[in-house]
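Just below is one structure, and these are the notes that go with it.
The chains referred to below are lettered A, B, ... by the order of the sequence lines, with proteins before strands, and numbering in each begins at 1.
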Protein chains: 4
Amino acid sequence: MCISSSPSRRRGGTGGRPRSAEADAAILTATRAALVELGWSKLTMGDVAGRAGVAKTTLYRRWAGKNELVVDAVAVLFDELELPDRGSLMADIEGVVVQFAALLERPETKTALMAVIAESTRDEPLRERIRTLIVERQKRLVLAGRERAQARGELPASPASATGTDDLIFDVIAGAVVHRALVSAEPVDADWVQRFTALLLGGLGAAART
Amino acid sequence: MCISSSPSRRRGGTGGRPRSAEADAAILTATRAALVELGWSKLTMGDVAGRAGVAKTTLYRRWAGKNELVVDAVAVLFDELELPDRGSLMADIEGVVVQFAALLERPETKTALMAVIAESTRDEPLRERIRTLIVERQKRLVLAGRERAQARGELPASPASATGTDDLIFDVIAGAVVHRALVSAEPVDADWVQRFTALLLGGLGAAART
Amino acid sequence: MCISSSPSRRRGGTGGRPRSAEADAAILTATRAALVELGWSKLTMGDVAGRAGVAKTTLYRRWAGKNELVVDAVAVLFDELELPDRGSLMADIEGVVVQFAALLERPETKTALMAVIAESTRDEPLRERIRTLIVERQKRLVLAGRERAQARGELPASPASATGTDDLIFDVIAGAVVHRALVSAEPVDADWVQRFTALLLGGLGAAART
Amino acid sequence: MCISSSPSRRRGGTGGRPRSAEADAAILTATRAALVELGWSKLTMGDVAGRAGVAKTTLYRRWAGKNELVVDAVAVLFDELELPDRGSLMADIEGVVVQFAALLERPETKTALMAVIAESTRDEPLRERIRTLIVERQKRLVLAGRERAQARGELPASPASATGTDDLIFDVIAGAVVHRALVSAEPVDADWVQRFTALLLGGLGAAART
DNA sequence: CTGTAATCGAGACGGTACGTCGGGTCTTATA
DNA sequence: TATAAGACCCGACGTACCGTCTCGATTACAG
């Protein structure tokens, strides 16, 4: 999470004042607030420090820069996504798509996600951080959805190269929703969700029959 | 393209030195070169002016800022996408997906596209500019593909709400490819393209049967 | 005075906005005001810029740093020293010593002079600047005093190595007054001035008799 | 010397770990070394602490700040000045002037002395510290010189207001040498010393005849 | 021996200033 | 009027020191 992963116990040394754990929370909260008010490009490290009641140096001691800080601040929001059992694969997918769309509508997410991805195209460690903290963690939703559907008999059990298919489905779902919400900038409403889910399920069904 | 759409002859005035048409091209070329070398976040107006052999004033007289300039510089690259007739809907889709992925691999596109989209979440005019110059223009590819497939009899003729479906397909294709290439950061290789196209076509076929 | 000596016409170029001449004056005045209020060590470039109604970059475009700026700001004060004809060498010396002591009592001078001299011990260009702008310029006072005394017949005409003697006398007068005022930190009152002048004149007279 | 004069036994308390006496010496030595390498303005408390193998806290527990620390570190060097009996007043003066000039040539003295004096113009306790530890202590040299000259019969016995004259002579000698060495930045060589001493003795002789 | 109390090193902390950089505006002379 | 040049104001950057603080770990002397 920080430059050195755990707030306490870094570098093996014993002495020294330990890092404030409260500061971490205050900083991340302040970062999200600043994203909401100012957006990515007008967010400044100094402003975040001020909001968090913390010195600028404290920020830089823990995060290498704005990119890393924002990734950490936003990542936790993605962990709130859930996949409640709604009885059918279609309902499960619709549920998670709606949740995901709602998350992308939140101003802090909307302004930050594309920005850090843009930065990550020229910053390999940042890309890795995004993958670890955001992308890979959410694949659990696809995994859970597939396993539940298999348990229900909606999908055949463990097809070959399930991982590859999971990844494909993840890219399709996440990509389509992000593109609809942020690029096309049109609402992810019930109608769209239904049509998208139908398209996806149709594709999955066709694949199962092959 | 510029603040006042046509490079020369704006504001109806008669006298005065006309704007250099060469400068426009030089600036956009310089912008793309700077994107390649520096990426979005390190590209500066001063640097672009220097590369183009132009004063900073000249840039600001024609573009409102970095965002608008980069959108214009990158938009033209998307117009190079084509949909050659490869004999079947599947081959057509695979062809355009491969082209699109190749475009997203180019460093100037990769770094700029996500960045301007991120900016556009807080800048309505910029969003409109992106839609007009980039997004909407490429929907022609979906339209052409659908019409060609209908002509071939691969798809039923003009289903209800064809526009909505076109938009959905556009979001799915563009979104999935972008997500695969930039977010998941994994290669859009022949295998992935084939699996993705199969999924999409399966969905379209299932929809057609309904 | 500035990084490039004359405000206009630097680097041979013709184009570009010329440097503001008013800014120079405002900055030097602001520097003196800041010295009075804050003293040398608490004077900051940002504060001076603020007082002068000027951007920090404008300061740095013209002066390399605090040292150079303060030397320039203070140098002009030393040029106010005069040597009015008071009728005798003794009276002339007493007059200039009193003036010099008064100058050293001014808060801007007091706090700045020793500081820049201290810095100059590790900064050859700065030392040269101090010599050129402050030290050497004031030797005119010694020169004028000697010539006037010679005209009066108080001193023998053009003794050998007059320059060396002038320098010695300059070091003795300036050094003694500075030491009394700033190091011993005791008042340069009429009594002290009289005793010091008597000592100096005695020495000069003894030398003349040799 | 320290905040509480003696390294050990402060505040009357009985218990507790006593302060390390070695640390004091190490810190002052480190301070002088840092002055030599870095000069006054680039010397930092952290750096001194590092050189001395001591925590920054330890420095601040003993000295109020950089100024006080440097005064203490440098003061001891001035105590090395001596006035060996060289047989005549002129030789005695020349001897002490040469010694003093040599001291001012040492890099730690050169950079520190003017700096702390500059600071002292805005810091009364610091000025007092300098007077006590450096200035007043060296007046012993003038006193000794005068008494020895009187014993030799070179000067009349105890003239009225001897103290005032001692102070005057101290300011003249110290001031002239400092000015020559640090402001004029020219060498205090044998020739200059001889001419300066002659001037001073001439003045003293003239005063004696009055 | 065992507290008690002040020391020690380490290093994080809230601040302030640094000197630089980029944004976007302006003021020149020239074309 | 547009242009190249470049000075201008502004605000953010990331760093360096400041002087304070909070740790766990030593010392010493007092009981």
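- For DNA chain E, none of the residues of residues 113-125 of chain D falls under the heavy-atom distance limit of 4.0 Å.
- If you check F:dA7, F:dA4, F:dC10 against the side chain of C:Arg62, the one that comes closest is F:dA7.
- Listed by chain and number, the residues in a side-chain hydrogen bond (donor to acceptor under 3.5 Å, both in side chains) with C:Ser41 are D:Glu119 (sequence neighbours excluded).
- Remark: C1' of E:dA12 and CD1 of A:Ile27 are 12 Å apart, rounded to the nearest angstrom.
- In the interface, the side chain of D:Arg19 is not paired with the base of E:dT7 through any donor and acceptor atom under 3.5 Å apart.
- Evaluation of the salt bridge (Lys or Arg N to Asp or Glu O under 4.0 Å) rule for C:Lys110 yields C:Glu105 as partners, not counting sequence neighbours.
- Annotation: side chain to side chain contact (heavy atoms under 4.5 Å, CB included) contacts of D:Glu128 (sequence neighbours excluded): D:Glu124, D:Arg131, D:Thr132.
- OP1 or OP2 of E:dT7 has not a single side-chain nitrogen or oxygen of D:Ser20 nearer than 4.0 Å.
- Taken from NZ in A:Lys56 to CE in A:Met45, the straight-line distance is 9.0 Å, to the nearest 0.5 Å.
- Minimum atom distance to the side chain of D:Pro18 is reached by F:dA28, of the listed F:dA28, E:dC13, E:dT7.
- At F:dC23, none of the side-chain N or O atoms of A:Arg17 fall inside 4.0 Å of OP1 or OP2 (strictly under the cut-off).
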N/O-N/O pairs, protein side and nucleotides 12-16 of chain F side, under 3.5 Å:
unit_1: F:dC13; atom_1: OP1; unit_2: A:Met45; atom_2: N; d: 3.1
unit_1: F:dC13; atom_1: OP2; unit_2: A:Met45; atom_2: N; d: 3.2
unit_1: F:dC13; atom_1: OP2; unit_2: A:Gly46; atom_2: N; d: 3.4
unit_1: F:dG14; atom_1: OP2; unit_2: A:Tyr60; atom_2: OH; d: 2.4
unit_1: F:dG14; atom_1: O5'; unit_2: A:Tyr60; atom_2: OH; d: 3.4
unit_1: F:dG14; atom_1: N7; unit_2: A:Lys56; atom_2: NZ; d: 3.0
unit_1: F:dG14; atom_1: O6; unit_2: A:Lys56; atom_2: NZ; d: 2.9

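- With sequence neighbours left out, B:Glu37 forms a side-chain hydrogen bond (donor to acceptor under 3.5 Å, both in side chains) with B:Arg51.
- Taking for each of B:Val54 and C:Thr58 the nucleotide of DNA chain F with the nearest heavy atom, the 5'-most of the two is the partner of B:Val54.
- Atom CG in D:Leu59 sits roughly 17 Å away from atom P in E:dG11 (whole-Å rounding).
- In this structure, A:Arg61 atom CZ and E:dA10 atom C1' are separated by 13 Å, rounded to whole Å.
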